[in-house]
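Heads up: numbering here begins at 1 and tracks the sequence.
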Amino acid sequence: MSNKVEVLFEQLWNDYIQHTPSAQKVHDLLGEGHEIINDHVAFRTFNSAPVGLEKLAQHFLALGYKEGGDYHFEAKKLRAKHYEHDDPSYPKVFISELLVEEFSPQLQALVQRMVDAVPADLVEKPEFLYSGTHWQVTYEEYLALLDESEYAGWMSAFGFRANHFTVSVNYLPGYETLEQVNQKLKDAGFRLNTSGGEIKGSADVYLEQSSTMADRVVVSFADKKAEIPSCFYEFAKRYEIAPSKLYTGFVAASADKIFESTNAKG
Ligand code: OOG
Ligand code: NI
């Protein structure tokens with residue numbers, strides 16, 4: 001028996017594993033056949049009409065999600081919001097958007113070309129959330145975007161889809177700490193994001209997070225194929241803010257480092 005929320009996350013997962021070959025392996029390694037509860041799923045977009053953060057969010061609001069926190073990333077020129085459902089077994093949703101007007105005229109024009117190629121009626125359908133790219137960019141254009149914003153480069157190559165799923169360590173049988181999860185991943189050969197340390201956050205901010213570095217996959221650009229970082233897997237442990245009540249928000253300083261899991265350079 002699946003309801004609309006479960007069907008949507010299943011479709012998002014099926015798309016995600018197509019572009020993230022390691023995700024099923026990580027899932028099997030940690031889950032050992034058990035169900036894995038997702039802490040959250042993350043999306044990226046541009047703040048350009050008609051594909052801004054709120055346009056993606058409308059699909060979750062329609063499924064009973066409510067708006068949570070608001071987050072700003074000054075250096076990366078991003079804004080984000082999170083959404084959560086009354087049923088705590090449903091993943092939270094983290095949606096960010098690039099503040100396009102803060103970049104060069106070249107970047108703005110290229111983003112406009114991409115956004116113009118998105119069918120307006122598709123944006124209104126839940127399938128939009130895993131519809132990928134609707135445009136063609138050359139490898140040179142991808143590199144020019146990366147130079148200004150790793151996030152813009154990633155968007156040009158992967159578009160609209162789950163950027164990562166996140167294992168809830170709180171609900172993961174057999175693990176007490178995020179360190180134990182990280183060790184298991186490293187022993188199996190997965191590379192973790194070390195920006196800001198392997199573990200971002202702490203019990204003091206009620207949230208600890210770690211992530212793999214994105215898989216590298218071959219993408220067909222307009223003019224050539226190239227191997228570039230796709231999507232990653234995240235791991236989160238939440239702490240109680242009141243008896244039996246886990247923190248449900250995000251931590252901007254940690255999120256700032258998690259974004260770097262898709263960095264192509266360095
Ligand atoms: C989102 C990075 C932030 C978190 O859980 O704090 C994040 C992204 O890379 O799109 O996922
Ligand atoms: Ni995340």
Side-chain angles (χ1 to χ4, degrees), residues 2-28 30-31 35-46 51-65 68 71 78 80-85 89-98 114 118 122-123 125-134 150-169 171 190 193 209-217 219 228-236 250 255 258-264:
S2 287
N3 65 26
K4 279 187 177 177
V5 180
E6 287 161 5
V7 168
L8 176 58
F9 283 105
E10 201 175 299
Q11 279 157 332
L12 288 164
W13 172 262
N14 290 339
D15 170 75
Y16 168 71
I17 58 175
Q18 301 294 313
H19 301 274
T20 322
S22 72
Q24 190 68 55
K25 291 180 197 146
V26 169
H27 188 275
D28 296 346
L30 297 180
E35 193 196 352
I36 285 190
I37 301 287
N38 289 298
D39 179 89
H40 67 270
V41 176
F43 299 88
R44 296 177 173 184
T45 190
F46 301 113
V51 299
L53 191 169
E54 279 80 9
K55 293 299 278 190
L56 275 65
Q58 68 175 348
H59 298 295
F60 293 100
L61 295 175
L63 294 172
Y65 275 76
Y71 312 91
L78 296 168
K81 283 187 182 178
H82 95 262
Y83 298 83
E84 55 187 69
H85 200 280
S89 70
Y90 291 157
K92 285 173 264 301
V93 172
F94 182 94
I95 311 177
S96 58
E97 65 178 9
L98 190 73
M114 292 190 257
V118 180
L122 178 63
V123 178
K125 298 179 185 157
E127 305 84 282
F128 170 57
L129 294 170
Y130 48 94
S131 64
T133 54
H134 303 272
E150 288 271 359
Y151 184 108
W154 186 90
M155 270 303 293
S156 76
F158 296 99
F160 306 101
R161 53 171 38 105
N163 168 274
H164 59 274
F165 273 67
T166 308
V167 173
S168 167
V169 175
Y171 297 106
F190 293 101
N193 172 345
Q209 293 164 277
S210 64
S211 60
T212 60
M213 283 307 282
D215 281 343
R216 294 182 70 89
V217 301
V219 167
I228 64 166
S230 60
C231 303
F232 59 93
Y233 218 146
E234 189 188 316
F235 315 93
F250 288 78
I258 299 275
F259 279 114
E260 296 172 17
S261 310
T262 54
N263 273 14

Are [X] and [Y] close enough that some pair of their side-chain heavy atoms sits under 4.5 Å apart?
| X | Y | result |
| --- | --- | --- |
| Met155 | Leu98 | no |
| Phe43 | Leu53 | no |
| Ser156 | Met114 | yes |

Would the distance check show the side chain of [X] and the main-chain N or O of [Y] forming a donor-acceptor pair, the cut-off being under 3.5 Å?
| X | Y | answer |
| --- | --- | --- |
| Gln18 | Asp15 | no |
| Ser22 | Asp215 | no |
| Tyr233 | Ala214 | no |
| Tyr151 | Ser96 | yes |

Ring geometry between Phe165 and Trp13 (parallel below 30°, tilted from 30 to 60°, perpendicular above 60°):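 Perpendicular: the ring planes of Trp13 and Phe165 meet at over 60°.
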Geometric class of the His59/Phe128 ring pair [parallel <30°, tilted 30-60°, perpendicular >60°]: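 Tilted: the ring planes of Phe128 and His59 meet at 30° to 60°.
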Tyr171 atom OH: more than 12 heavy-atom contacts under 6.0 Å: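 Atom OH in Tyr171 is not packed in, count stays at 12 or less.
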Nearest 0.5 Å, what's the [atom1]-[atom2] distance between [X] and [Y]?
| X | Y | atom1 | atom2 | answer |
| --- | --- | --- | --- | --- |
| Cys231 | Trp154 | SG | CH2 | 4.5 Å |
| Arg44 | Asn163 | CZ | CG | 4.0 Å |
| Leu8 | Glu127 | CG | CD | 9.5 Å |
| Phe158 | Thr20 | CZ | OG1 | 8.5 Å |
| Glu35 | Asn38 | CD | CG | 9.0 Å |
| Ile37 | Ser168 | CD1 | OG | 7.5 Å |

Partners meeting side-chain contact (heavy atoms from CB on, under 4.5 Å) with Thr45 (sequence neighbours left out):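 Checked Thr45 against side-chain contact (heavy atoms from CB on, under 4.5 Å); matches are Val51, Leu56, Glu97, Phe160.
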Evaluation steps, side-chain contact (heavy atoms from CB on, under 4.5 Å), between Tyr90 and Glu6: CA-CA 8 Å; Tyr90 291 157; Glu6 287 161 5; 3.9 Å; yes
Evaluation steps, side-chain contact (heavy atoms from CB on, under 4.5 Å), between Phe259 and Leu78: CA-CA 10 Å; Phe259 279 114; Leu78 296 168; 3.7 Å; yes
Single hit among His164, His82, His85 for ring pair (Phe, Tyr, Trp, His ring centres under 6.0 Å) with His40: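 Between His40 and the candidates, ring pair (Phe, Tyr, Trp, His ring centres under 6.0 Å) is satisfied uniquely by His164.
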Gln24 and Asp28: side chain donor to acceptor below 3.5 Å: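 Yes, Asp28 and Gln24 have a side-chain donor paired with an acceptor closer than 3.5 Å.
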Residues Asn14, Tyr130; criterion side-chain contact (heavy atoms from CB on, under 4.5 Å); working and verdict: CA-CA 9 Å; Asn14 290 339; Tyr130 48 94; over 6 Å; no
Worked verdict on Asp39 versus Thr166 for side chain to side chain donor-acceptor pair (under 3.5 Å): CA-CA 5 Å; Asp39 179 89; Thr166 308; 5.4 Å; no
Verdict with reasoning, Tyr16 to Val41, per side-chain contact (heavy atoms from CB on, under 4.5 Å): CA-CA 10 Å; Tyr16 168 71; Val41 176; over 6 Å; no
Verdict with supporting geometry, Tyr65 and Phe60, ring pair (Phe, Tyr, Trp, His ring centres under 6.0 Å): CA-CA 5 Å; Tyr65 275 76; Phe60 293 100; 5.5 Å; yes
Gln209 to Glu234 - nearest heavy-atom pair and separation: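 Smallest heavy-atom distance, with atoms named: NE2-OE2, 2.8 Å.
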